[in-house]
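Here's the structure we're looking at; comments come further down.
In what follows, chains carry the letters A, B, and so on, assigned in the order in which the sequence lines appear, proteins first and then strands, with residues in each chain numbered from 1.
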Amino acid sequence: MLVYSIKRILVAIPVLLILVIVSYLVMVLAPGGPTSSERTLPAAVIANIEARYGLDQPLWKQIYDYVENVVLRFDFGPSFLRRDLSVNDMIAQGFPVTLTYGALSFVLAVAVGVPLGVVAAVRQNTWLDYLAVGFSVGAQVLPNFVMAPILVVIFTVWLGWLPAGGWNGGAPENLVLPVIALGTSFMASIARLTRSSMLETMNSGFIRTARAKGMPMRKVVLRHALKPAMLPVISYLGPTFVGMITGSVVIDYFFSTGGIGGFLVNAALNRDYSTMMGITILIGALTILFNLLVDLTYAWIDPRIRY
Amino acid sequence: MPLLEIDDLAVTFATPGGDVRAVDGVSLSVDEGGATAVVGESGSGKSQTAFSVLGLLAKNGRATGAVRWDGEDILNAPDRRLRTLRGEEIGIIFQDPMTSLNPFMRVGSQLAEALTEHRGVSRREAEREAGRMLDAVRIPDAKARLRQYPHEFSGGMRQRVMIAMALLNRPRLLIADEPTTALDVTVQAQIMELLADLRREFGMALLLITHDLGIVAGACEETVVMYGGRVMEKGPTADLFAAPTHPYTVGLLAAVPRIDGDGDLAAIPGDPPDMSRPLPGCPFTPRCPLAHAPCPTVRPPMDGRRACHAPVPDVRALAARLAPEAAE
Amino acid sequence: MRAPKMHPAAAAEPFVEAAETGVLVADEEGGGRSLWQDARRRFFQNKVAVASLVWLAIVAAMALIGPLVAPWDYESVDWSVLGNIREAGRPSIESGHWFGTDELGRDLFARTMQGTQISLMVGIVGALAAVVIGTLYGAISGYAGGRVDGFMMRLVDILVSIPYMFVLILLLVVVQASAFLQSIPGIQFIALFVGIGAISWFDMARIARGQTLSLKNREFVEAAIATGVRPFRIVTRHIVPNLMGIVVVYATLLVPNMIIFESFVSFLGLGVQEPATSWGALLNDGAETLTRGTLWQIGFPLFFFVTTLFAFFFIGDGLRDALDPKDR
C-alpha cells in the first residue's frame, strides 16, 4: 500500500510539472501581461518591472525558478495585478474560507445523500423513494449558479432570513446559503448513485444468503449491503471534490465570500496570470492528493484489492 | 405427516412485459430425514419453488398455494416467523458459490453470524463452532481459513463453506439449489458425497434442486420432474429411472451421459418454453415426440404419478427406442 | 388485486404462436434494423420523453423564429424605460417587451431567444465534439488492446484528475486578451466549443472502449472473424452499429452538461461576451438585480434553462431505456 502510494505520487509529479510549464508558457506568451499596459511605459520602467517579475531571464530559467520557488518554498510569487498582495497572501486569505464552506458542503452532501439513497433503495417504490428520486432528478438541472440566486430570492428577498452574501468571519447565517448552494447538486448525485448501487447490491447472491441465514432486514442492509454499495459512491468522491472546488468559484463570485475562487475570477477578469496559475496549480495538487486518498480508501474497503 | 409439504404452489412474477407464471400448481413433499429431488431444465421453475419455501423470491414475485412445515402453513408467513425458519430450521445452499458469499466479510464472521443470529452465543463461541463445522465439511486448516476472505477460496471450497453455513444450526431440512452446477466434475462428486455423509450424520432431510439426473440416483429416494413450471412426473427415484412414464422423463434419462457409453447425449430437441406465454395445455407439447390432439389445449391431470395424455405403453415404447442408443 | 392475467395468445393456434416467438428471438440476436425499430416504438411509448421532445422542438422553434417576430432586437436599448426598469420595464404586451427588459433597457424576450440559440448551439456542438473525440479514442484503444490500450487509458485516468474548469478559464482569458485571435470572427465561440468539448470526452472514451472490448469477444464478431471477414468490415458492420446506441444516449445526456458548463463560464462573465448572450450570462444579469424587484430578469432565463435541461435529460433517459430494455 505504501509502495503504491509512493508510485502514485511519483506519477503525479510529471502531471503537475506539465501543468506548471504549460500554464507558465501561456502566461508569458499571452498578451496583456504585466508589461503590456494601455499606456506606453518608459523603457526603464518596463525593464524595472521585468526584473521584478524575473521576466528578463531566459525562459527556461524563469520556469526553473518558478518551479523551484513553488516546490521548495511553496512560493507562488507576486501578483501581476496587486502590489499589496502576493499570490501566497491571497491563498492564505482565501483558502481557509473555501475550505470551511467546502468541507461543510462535502459533509452535507455525503451525510444526507448516502442515507437518502439507502432508504430510497430499501423502501423502493414508496413515497420516500419517489421523493428521493424526484429530488435527485430535479437537482440535476439546478447547478450551483442556479441554486445560489434561487436561494437568495427565497431566503433573502422574500423571507428576509439570511444575508445575500459576505463572509462575516464565517458566521452561521453567512454559511447557510453558500453551503446549500454548493452541496445540493452533489447531494442529489450521491443519493442517486447510492440508490442504484444499493438496489444492485440488494439483488446480489450474498444478500440472498444473508437473508437465508434468518437475519433481519436492518442487519442485512447495514452489515452486508452497505459496504459494497458504497464503492461507486467512494469513486464518485473524487469528481465531487473537483466539482466542489470548481463550484466554489461561483460561490465566491456570487456570495462575495472571499475564498480563493473569488481571487481566481478577479484574476481572470483582470488578466492576472500569476494568480490564476498559482491557484490552478494548488488546486491541481490538492485534487491529485485527494484522488489518491479516495483510491486508498477504496482499497481499504474492498479486500479483493491489494496494492 | 411429511416434514415439508408443498401444495398447489404457483409463483408469478410481475414484469414490464406482463405477468410471468414461473411455477404453476406444483405439489411435492419431503419426509422427515428423507430426500426429494426436483429435476428440470433451467427455467422450469424448480429454483423458484425452493425459494418460495423460505420467502426468498425476488421483490416482484408472488406465491400462492400452501407450503406446510410440520403442518404449519409458512407460505407468505410474516417476516418474524420466516426469520426463525431461515437458517435455523431450514438451511439452504445456492447454485453459485462465487456470488453467494459476501466478498467484503471474513468467512469466519459470515459463518458466526448464522449462530449469533439464532442462539444467544458469543461471537467467540460462534467462531469456534464455525471452525468445527468447517472441519466437518472437510476444509483443511479450518482455523486459519476463518480469517480469510471468500476470494481466497476455490469454488469447491466456497461451496463447502456455504454448506457449513447452512448446517451450523443443525436444520431439519437442507435445501440444495443446484449445489454442484458451477463446479468442476471431480469437485461435483466430492460435494455430493459430502452432502450424503452429512445427511446421515445429522439425520436431516434434503430437498435437492438440480438439472442433472445423474446426481439424483444416489442422493434421493423421491424425484419430482418439472417442466415449464409444472410437475411432469413424480415418484420413487428407482421407479422413475427404471420405468419412466412421461416422455420428458424419458428424454432427460436419455440425455444422462453414461460411463459405459461414448458420452453421446440424446439431447431433447427444441427450446425451453416461453414462460410469459404459456400454452393452455401441456407445456412440453412443442418438443414432445408423442404430442397429439388434446396436448396443446387440454391440461393433463396429475394422477399421482404423472401428468400426460400419452398412454403409458407409448411412453414405454419411446423409452425402449431411445435407451439402446444411449447404452451403445 | 393482481389476479393472474389471461394471455390472449393462449386462445388459438399455440403452435404458430410458439414458432413466431422463436423467429423473433433469432432476429434480435442478429441485431440490425429490427432493434432500432423496436427502440423507436419503445421510445414513443415513453410519454415523458415524447413530451420532452415536443418541448425541445418548441424551444428550438422559438429561438429561431422569435427574434424575427419580436418588436425589439437583442442589443438596442429602449431609452423610454431606462431609469425606471422596475415599472416601465415590466413584461407587458403593450410595450412590446413580452418578457420585460434587462437593467440596461434591452428587450429580454429577444435576449432570451438569442441566449437560447447560443446555449443550444454550444451544447450540441460541444457534445458532438466530445462524442467524436471520445468514441474514436475509446474504440481505437479498445480495438488495439494490450500495451497501447493500457497506455491510452492510463493517460485518460491522469487527465481526468485535473480540474479542467480552471484550464478552460485560463484559455478563455488568453483568447480574450489576444488582439490577433480576436480578429478571427467568432473566435470566442470557437474557443468555448473546443474548450468545453475537449475536456468532456473522457467518459465517452471509457464507455466506447468498454463496449468495444466486450463486442470484440462476442459470438457474432468471432463468427465474422472466423469466416474471414476483413477487420475494417467487422468494425463497420458489427462494432460501430452496436456502439451507436450507447453513443446516441451518451451524446443526448452530454448536451445538457455542456450547456451547464457554458453557463457556468458565462455566469462568471468569462464566456460569451456582450452584447451577445447565453443562458449563463442572462442568469448572471438576473442574479445581479435580484434585490431590485425585477425578478422577471432571472425568471424567464431560468425557466428556459431549467425546462430545456430537463427535456434533454428525459430524452436521454428515454433513449437509454428504449435501446437497452434489460436495464429497466
- Measure A:Leu226 against the heavy atoms of chain B and call it side chain, backbone, both or neither at under 4.5 Å. neither

- Sub-3.5 Å donor-acceptor pair from the side chain of A:Thr209 to the main-chain atoms of B:Ser100, do we have one? yes

- Message: Between B:His118, B:Glu88, B:Glu113, who has the most heavy-atom pairs with chain A when the cutoff is under 4.5 Å?
- Response: B:Glu113

- Message: So which residue, B:Thr84, B:Leu56, B:Leu168, B:Ile93, ends up with the most heavy-atom pairs under 4.5 Å with chain A?
- Response: B:Leu56

- Item | B:Asp96, part contacting chain A, at a heavy-atom distance under 4.5 Å | neither

- Message: For A:Glu200, I'd like to know if atom CD has over 12 heavy atoms of other residues, nucleotides or ligands within 6.0 Å.
- Response: no

- Any side-chain heavy atom of B:Gln110 sitting closer than 4.5 Å to one from A:Phe206? no

- Nearest heavy-atom neighbours spanning A:Arg211 and B:Arg86: O-CD, 2.9 Å

- Message: Just so I understand: if I count every heavy-atom pair under 4.5 Å between each of B:Gly87, B:Gly55, B:Gly91 and chain A, which residue has the most?
- Response: B:Gly87

- Query: Going by heavy atoms in the side chains, are A:Lys227 and B:Met105 under 4.5 Å from each other?
  - Reply: no

- Message: If you count every heavy atom of other residues, nucleotides or ligands that lies below 6.0 Å from B:Arg81 atom CZ, does the total exceed 12?
- Response: yes

- Of the listed residues (B:Ser109, B:Ala114, B:Pro103), which shares the most heavy-atom pairs with chain A below a 4.5 Å separation? B:Pro103

- Task: Pick one of side chain, backbone, both or neither for B:Leu54, based on which atoms fall under 4.5 Å of a heavy atom in chain A.
- Result: neither

- Of the non-hydrogen atoms in B:Phe104 and A:Ile301, which two are nearest, and what is the gap between them? CD2-O, 3.6 Å

- Task: Flag yes if more than 12 heavy atoms outside A:Arg123 fall under 6.0 Å of its CZ atom; otherwise flag no.
- Result: no

- Query: Between B:Lys59 and A:Met202, is a side chain to side chain contact (heavy atoms under 4.5 Å, CB included) present by the stated rule, with each step listed?
  - Reply: CA-CA 10 Å; B:Lys59 268 185 183 171; A:Met202 289 304 284; over 6 Å; no

- Taking every heavy atom of A:Lys213 against every heavy atom of B:Met165, the minimum-distance pair comes out as CE-SD, 3.4 Å

